[in-house]
Amino acid sequence: MKQGHFSEVYINHKSNHTDRAFTYAVTEELADKVCVGSRVMVPFGKSNNLVEGYVVALKNHADIDLRYIKNIHALIEDEYTLSKELIHLARWMQQQYLCRFVDAIQCILPTGSILKKEKVYRLEDNLNLLSVIEKTTERQQAILQLLAQYGSLSESQLQSQVEDALKELSKLLKHKLIRVEELFKKDVNTIREKMIQLSENKSYEEIIKSTPKTAVKQKSILDYLFQKGPTSWTVLREAVGGSLTTLRGLQEKGFIEIYETEKRREPYKDLKVLPSQAYKLTREQEHAMKEITPYLKSQQHQTFLLHGITGSGKTEIYLQLIEALIGMGRDAILLVPEISLTTQMIERFRARFGDQIAVLHSRLSLGERYDEWRRIYNGEVKIAIGARSAIFAPFRNLGMIIIDEEHEHSYKSDYSPKYHAVEVAEVRCRENSALLVLGSATPSVESYNKALVGEYKLIQMINRYNSNPLPTVSVVDMREELQRGNKSIFSEALYQAIKDNLKRKEQTILFLNRRGYSTFISCRKCGFVVKCPQCEIALTYHKNAHHLTCHYCGQAQKPPTSCMQCGSKYIKYFGIGTEKVEKITKDCFPEAVVARLDLDTTSRKGSMEKILKDYAAGKIDLLIGTQMIAKGLDFPNVTLVGIIAADTSLNLPDFRASEKTFQLITQVSGRAGRGERPGRVIVQTYEPKHFAIQHATKSDYKGFYEQEIQLRSAFLYPPFSRLINIIFSGAEEGEVIKASQEFTAILSNSLSLEGIEPFKRIYGPAPAHLSKIKQNFRWQLIIKSKAVDHSRLTGIINNIRLENKIQDIIRRVNISIDINPYSML
DNA sequence: AGCACGCCGACT
DNA sequence: GTCGGCGTGCTC
Ligand SMILES: [Zn+2]
Ligand SMILES: [Zn+2]
């Protein structure tokens, strides 16, 4: 094989067939510019159309015949080169999560920065519209008319105006009536801003002297610029007025200079904070710092599990660790589990670190995300704060990743690639010799296990930093309440506690993890349950909207007045959601001001902030909410938390059900007694003896862990096995079933060939827990394997997925593979 | 993904 | 005969 410069390039095509590296030659003039991570334009396919590609390796020989090798056409220079580290990360994701390389790249690059092809059409030169009118159809004439009118139009613009535009366009092209041009565009762009400053060649006095006394506007502009220095046109116009003509006049006289700069969009610009200093640490906090800082200095990779109860002061540790880190010239990423929690984190970090912080999460606009990404890339900031996607922040000198509330399921991506931020963090930290700090009051069983076996370093903090006592927790057995004839949603104890709390003018939080009014409605006579026509799930009744709503597809319909099956008029509403809790609470405690915080009351922008603000100001006595109120809320006057039903998630057929329940109770309990006065928590349940509930009420994580790990061990669930969850979905149930069965058959066969023990370790295929969503039937296959077999197993699954044999069967069936799923549902 | 090639049925 | 439908296969 001949020597020379060659590169391995992945093409930006979302197809399994092109998910591999292609060899391209690097020409002399590009040789010293192209590197691993370069974004390039390459010719691809028979047409040699240009496509964006990513260089993943460079080498000086080619493995295939030179005849087949094309040159890299160009380097995308105005864009950003990915670091070698991020390229490696993408390849790791491709292997680990069985996704395409470009899917991983799409996680890593800011959305909208990948070049898209756009076809722009215009009339062929010297075309006489009248002369062709006889040879063309009505639709074709419409296209020609539009092109004549606008000069040029993009394919998408034409498609929206003319039916079957694609077909007609290709005919017009063939007859040489129009021509086409291909452009490459990003969805997102930089904002340019006009800046004005006084000329540097002339003194201010000189300028003023030669300005006529009557030119008041000119004088005030010059005066403003003299005082404030370079100013953007937007600000200047706002401040002193004037027109562009005035400005041009001044420019021509050589008094001012006009130039353009790039303007960065600034999310959270209005969040103003007062600077703060490092707090004095408690002994526990100091101990934690002492454990971690040596590793900071020696620059070796290590993961820490910071297990500290709510209010033990984990955030202050994050702050001081990062302070030490950026003192050494390295950068940090801090993840929070929910976008809504970024605001308070940013406040605390800005107070300490000023503008060295960038924010990354999916609720920023495309432009904001792009600009924040580039501030990180260009080294303008040292810290990135955000939700899951911030894990890909393109720092070049990453020294630490902190993941707060490490156990939260939101760190697992819902869509492909279904990556877990903690897993990605592990890989990034290892490659960067960086520290990974996982913080949690209720660690995931897997993480705690890793800490116990020494893979992570465990750091415990068991006291609150302000040494306020933990809230007292009591459990109420709702079966006993029922026996005593209390059918209300409030147990005697909770009712009394709310009453007392209202009297004392202290605030209360009521928690129920279910929104809506009634969970389902059903016929008394025949038992018929009203289900969503598109999904295999009962509809929830929302009283306010007077609708039955599907929480999976959003479909809403009027509640029926008679049974749809037998016509009976006796329809009963079952189950309680937050809306109903609100109604009952208002009825029971008419003197109280009650508010509700769930998806339904916070759909409008700013409504959540308003409710929380009113609650903080004491305008609300009683706040009812779902998951949303479980995290991050810090209101000192809340002294009572009532958990309406602690067992909603306890009996789901899932290995993580107990863990979730324990975490939720602990988290919600943590909202009580954060101020001076002691807090109280009342947990209502039908299973008061369940160990998750028992240990949660005693704030005994260790006790919970020890019992749970026994179960995980006995039933071979993580951390004692690795799970893979494969969902087959499609509109035709028969095809879905066939695909899942075929897949399973091939898999079992391969497993025995490979000598991987499938004994009792393949579950299904069977209908998924949600067997139909949005008209799509869902079947599921769960594979449990030994950790040592895991990578071989994913390899086998990947082969089956790509095999031609299965392609024929699954043409219309979607296969979604979840490696290390958070749950089995 | 995006394109060319090739094989069929309906049309000048 | 030929135009144009889509199923099939390949891309350094
Ligand atoms: Zn009925
Ligand atoms: Zn539905």
Side-chain angles (χ1 to χ4, degrees), chain A residues 1-27 30-31 34 36 38-75 87 91 94 99-106 109 111 114-121 134-137 139-140 154-156 158-159 163-177 180-187 416-417 735 801-812 814:
Chain A
M1 289 291 144
K2 215 183 147 195
Q3 297 282 301
H5 295 291
F6 298 99
S7 59
E8 295 291 294
V9 176
Y10 267 87
I11 303 301
N12 183 27
H13 267 177
K14 289 205 162 177
S15 159
N16 289 336
H17 304 290
T18 49
D19 186 35
R20 61 190 171 91
F22 291 89
T23 308
Y24 281 88
V26 186
T27 54
L30 285 178
V34 171
V36 171
S38 287
R39 298 170 69 178
V40 292
M41 296 304 287
V42 291
F44 192 66
K46 284 177 191 156
S47 60
N48 279 332
N49 274 334
L50 293 180
V51 200
E52 178 168 345
Y54 309 93
V55 177
V56 298
L58 291 174
K59 43 194 201 177
N60 47 28
H61 68 276
D63 300 326
I64 57 165
D65 198 311
L66 284 181
R67 275 180 301 162
Y68 301 120
I69 297 181
K70 299 174 185 174
N71 287 342
I72 290 182
H73 178 259
L75 191 68
I87 290 289
R91 301 208 73 169
Q94 180 190 16
C99 65
R100 291 175 212 113
F101 180 81
V102 286
D103 294 329
I105 287 292
Q106 234 165 47
L109 286 173
T111 340
I114 292 174
L115 293 181
K116 278 192 185 159
K117 189 156 83 178
E118 195 181 69
K119 288 185 179 174
V120 178
Y121 295 89
E134 298 201 334
K135 301 188 277 187
T136 49
T137 65
R139 282 177 187 167
Q140 289 170 1
S154 72
E155 189 168 271
S156 52
L158 285 165
Q159 267 181 305
E163 230 168 282
D164 254 338
L166 282 184
K167 214 185 289 171
E168 306 298 347
L169 282 168
S170 73
K171 280 179 198 159
L172 287 168
L173 271 175
K174 217 175 218 169
H175 295 125
K176 293 224 184 317
L177 301 181
V180 64
E181 200 183 341
E182 285 181 352
L183 296 178
F184 292 93
K185 286 201 344 191
K186 304 185 284 223
D187 281 345
S416 177
E735 290 178 9
R801 180 176 73 100
L802 301 174
E803 218 176 302
N804 286 330
K805 201 167 152 198
I806 201 89
Q807 295 293 327
D808 293 338
I809 306 158
I810 63 168
R811 201 157 293 279
R812 293 162 65 204
N814 184 277

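Chain A is the first sequence line, chain B the second, and so forth, proteins listed ahead of strands; every chain is numbered from 1. These numbers come from the heavy atoms of this one structure, side chains and all, not from hydrogens, waters or symmetry mates. A quick note: this is a predicted structure, and the numbers were derived from the prediction, not measured.
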Would you kindly give the [atom1]-to-[atom2] distance between [X] and [N], to the nearest whole Å?
{"X": "Glu155(A)", "N": "dC3(B)", "atom1": "CD", "atom2": "C1'", "answer": "14 Å"}
{"X": "His13(A)", "N": "dC3(B)", "atom1": "NE2", "atom2": "P", "answer": "8 Å"}
{"X": "Asp65(A)", "N": "dT11(C)", "atom1": "CG", "atom2": "P", "answer": "13 Å"}
{"X": "Ile11(A)", "N": "dG2(B)", "atom1": "CD1", "atom2": "P", "answer": "13 Å"}
{"X": "Ile64(A)", "N": "dC12(C)", "atom1": "CD1", "atom2": "C1'", "answer": "4 Å"}
{"X": "Lys14(A)", "N": "dG2(B)", "atom1": "NZ", "atom2": "P", "answer": "11 Å"}
{"X": "Asn48(A)", "N": "dT11(C)", "atom1": "CG", "atom2": "P", "answer": "13 Å"}
{"X": "Asp19(A)", "N": "dG2(B)", "atom1": "CG", "atom2": "P", "answer": "16 Å"}

With respect to the phosphate group of dA1(B), does any side-chain polar atom (N or O) of Asn12(A) fall under 4.0 Å of OP1 or OP2?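 For Asn12(A), the contact criterion (side-chain N or O under 4.0 Å from OP1 or OP2 of dA1(B)) is not met.
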Checking contacts here: which listed nucleotide ([options]) is nearest the side-chain heavy atoms of [X]?
{"X": "Lys117(A)", "options": "dC12(C), dA1(B), dC3(B)", "value": "dC3(B)"}
{"X": "Lys167(A)", "options": "dG5(C), dT11(C), dC3(B)", "value": "dG5(C)"}
{"X": "Thr18(A)", "options": "dA1(B), dC3(B), dC12(C)", "value": "dA1(B)"}
{"X": "Lys46(A)", "options": "dA4(B), dC3(B), dT11(C)", "value": "dA4(B)"}

Please classify the nucleic acid contact of Ser47(A) as base, sugar-phosphate, or nothing, using heavy-atom distances under 4.0 Å.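 If one applies the 4.0 Å heavy-atom cut-off, Ser47(A) turns out to touch the sugar-phosphate alone, with no base involved.
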Contact class for Tyr24(A) vs. all strands (heavy atom < 4.0 Å): base, sugar-phosphate, or nothing?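 Sugar-phosphate contact only.
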Got more than 12 heavy atoms from elsewhere within 6.0 Å of CZ, Phe184(A)?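 Counting other residues, nucleotides and ligands, CZ of Phe184(A) exceeds 12 neighbours.
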Lys185(A), NZ: over 12 other non-hydrogen atoms inside 6.0 angstrom: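 No, not enclosed.
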Do the side chains of Asn48(A) and Lys70(A) get nearer than 4.5 Å, heavy atoms only?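 Counting from C-beta outward, Lys70(A) and Asn48(A) do come under 4.5 Å.
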Quick one: are Lys116(A) and Lys186(A) in side-chain contact, heavy atoms under 4.5 Å?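 Contact flag for Lys116(A)/Lys186(A) side chains = no.
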Fit a plane to each ring of Tyr54(A) and Phe101(A), take the angle between them on a 0 to 90° scale, and name the class: parallel (under 30°), tilted (30 to 60°) or perpendicular (over 60°).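 Rings of Tyr54(A) and Phe101(A): tilted, 30 to 60°.
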